[in-house]
Amino acid sequence: MGLRAALFVLFLSSGAAAQSDLGPAARAEVLEALEAQVPVPSRPLALPRPAPAGSSAIRSSAAEIRRRAAESSPGRADQATPTATAKDDRGKLSQAGQSAAGQARAEEVRKNARLGKPPHQPKP
Amino acid sequence: MSRFTLRALAALLSTLAVPASAQEGDQHLRLGAAHFRAGRFEQAVVEFKVARELGSGAEGGWYVAAALTRAGRHLDALEAFAEAAELAPGSADALLLYYRGVACSELQLVSCAASTFELAAQSAGPKVAGQARRLAAEARALLAAEPPRAAIDALLARAAEAARQGRPRLAVAFGQEAEALSARRKDRWRATEAQKLIGRAGAGQP
C-alpha cells in the first residue's frame, strides 16, 4: 500500500514538474517582447484608392519597400523585397518538412548560414 | 510486482518523457522573443515559424503574424493572422489583436482596423488599450461618411488579384472589407460581387 501511495504521489507531481518549465514561460517571454515593441501605424489611416493603371493592386509600394529596408538591421537591404523574403521562408520551411526535430535543426543551420552571409547578394 | 504497480510505473515513466520537439519548440519561441525584443523582426519570423513546425502549438501562428507586422510585411501578416484565427481562435490575446489591427491599418482596411482595435481595447493592458481606443476612434470617424465607390472598387481589385495569386485568405480579407464598406452605402455598391468573391475564395476557387 505504501509503495502504491508513493507511486501515486510521484505520478501527480511528475506531471506538474514536466509542465512547469515548458510552454507558459516561453509564451510569456514572447508576449513580453511583443509588448515591448508595440507598433503604431506608420501612416494616417485612410480608405483605399485604386492602384495606378499597369501596377499590381496588392504589390507593396516602392516607398513601403524602402521603409522596410530602412527599418531592418543595418546592411540587410536584401530583405527589402517582401515577396522574395516570403518565398525564402517558404523554401526553408518546406525543406524542414514534417515534425522531425532533425529536419528543423537542419533548417536552423541553414538559417544561421543565411544570417552569416554578406548583406548584398548578386542576383543570378 | 503486482499488475497495478507495473501500470503505475509505466504511467510515471511516460509523464517524465517530455517530447523533445516541444522543448525545442519552446527554445525557438524564446529565441524568437529575444530577436523580437532586439528589433530583429525577420529573424523572429523565422524562429517563430520553426517553433510552430516543431509543435509549440497552433498559437505560434499568431506570433509569426505579429513578427510579420513589425517586419513591415503587412500582406503576409494579414494572411498569417487569418490562418491563426482559423487554427487557434482561442489564442487571440488582446495584444495580438492589436497587432492585427495595425496590419489592417497599414493595408487601409478601415473596417477591419476599427473592429479589431475595439476588441483589443476591451482587454488589453492600459498602454495598449489607450492606443487601441484612439486608433479605433480614428477608424470609426473615417467610416462615419458614406465610403466612396472607388474604395470598394480598389478592395475588390485587391481581392481578385489575391485570388489569382493563390492567396485565398487575403482574398477573403479584402472581400470582407469591400463588403463592410458596401454595407455602409445606400446603393450597396458591388455588395453581391464581394459576397460571391468571398464565397469562391473561401471554397478555394479562383
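Owing to the predicted nature of the structure, the values given are computational and were not obtained by experimental measurement. Side-chain atoms are counted along with the backbone in the values below, which use heavy atoms only and exclude waters and symmetry mates. First the proteins, then the strands, lettered A, B, ... as listed; each starts at 1.
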Least distance between heavy atoms, [X] atom then [Y] atom:
| X | Y | answer |
| --- | --- | --- |
| B/F36 | A/A33 | CD2-O, 3.6 Å |
| B/Q108 | A/P48 | O-CD, 3.4 Å |
| A/L34 | B/Y99 | O-OH, 2.6 Å |
| B/Y98 | A/V40 | OH-CA, 4.2 Å |

In sequence, state the C-alpha distance, the side-chain angles, and the governing distance for B/Q131 and A/V38, and then conclude on side-chain contact (heavy atoms from CB on, under 4.5 Å).
-> CA-CA 10 Å; B/Q131 251 169 252; A/V38 164; 3.8 Å; yes
For [X], which atoms come within 4.5 Å of any heavy atom of chain A: side chain, backbone, both, or neither?
| X | value |
| --- | --- |
| B/A66 | side chain |
| B/A38 | backbone |
| B/Q27 | neither |

Looking at CG of B/D26 and CD of A/E29, how far apart are the two atoms once the value is rounded to the nearest 0.5 Å?
-> 9.5 Å
Got a donor-acceptor contact below 3.5 angstrom from the A/R49 side chain to the B/A150 backbone?
-> no
Backbone N or O of B/R37 within a donor-acceptor pair of the A/Q37 side chain at under 3.5 Å?
-> yes
The single option from B/L109, B/L181, B/I152 passing side chain to side chain contact (heavy atoms under 4.5 Å, CB included) against A/L47 | B/L181
Between B/L135 and A/L45, is any pair of side-chain heavy atoms under 4.5 Å apart?
-> no
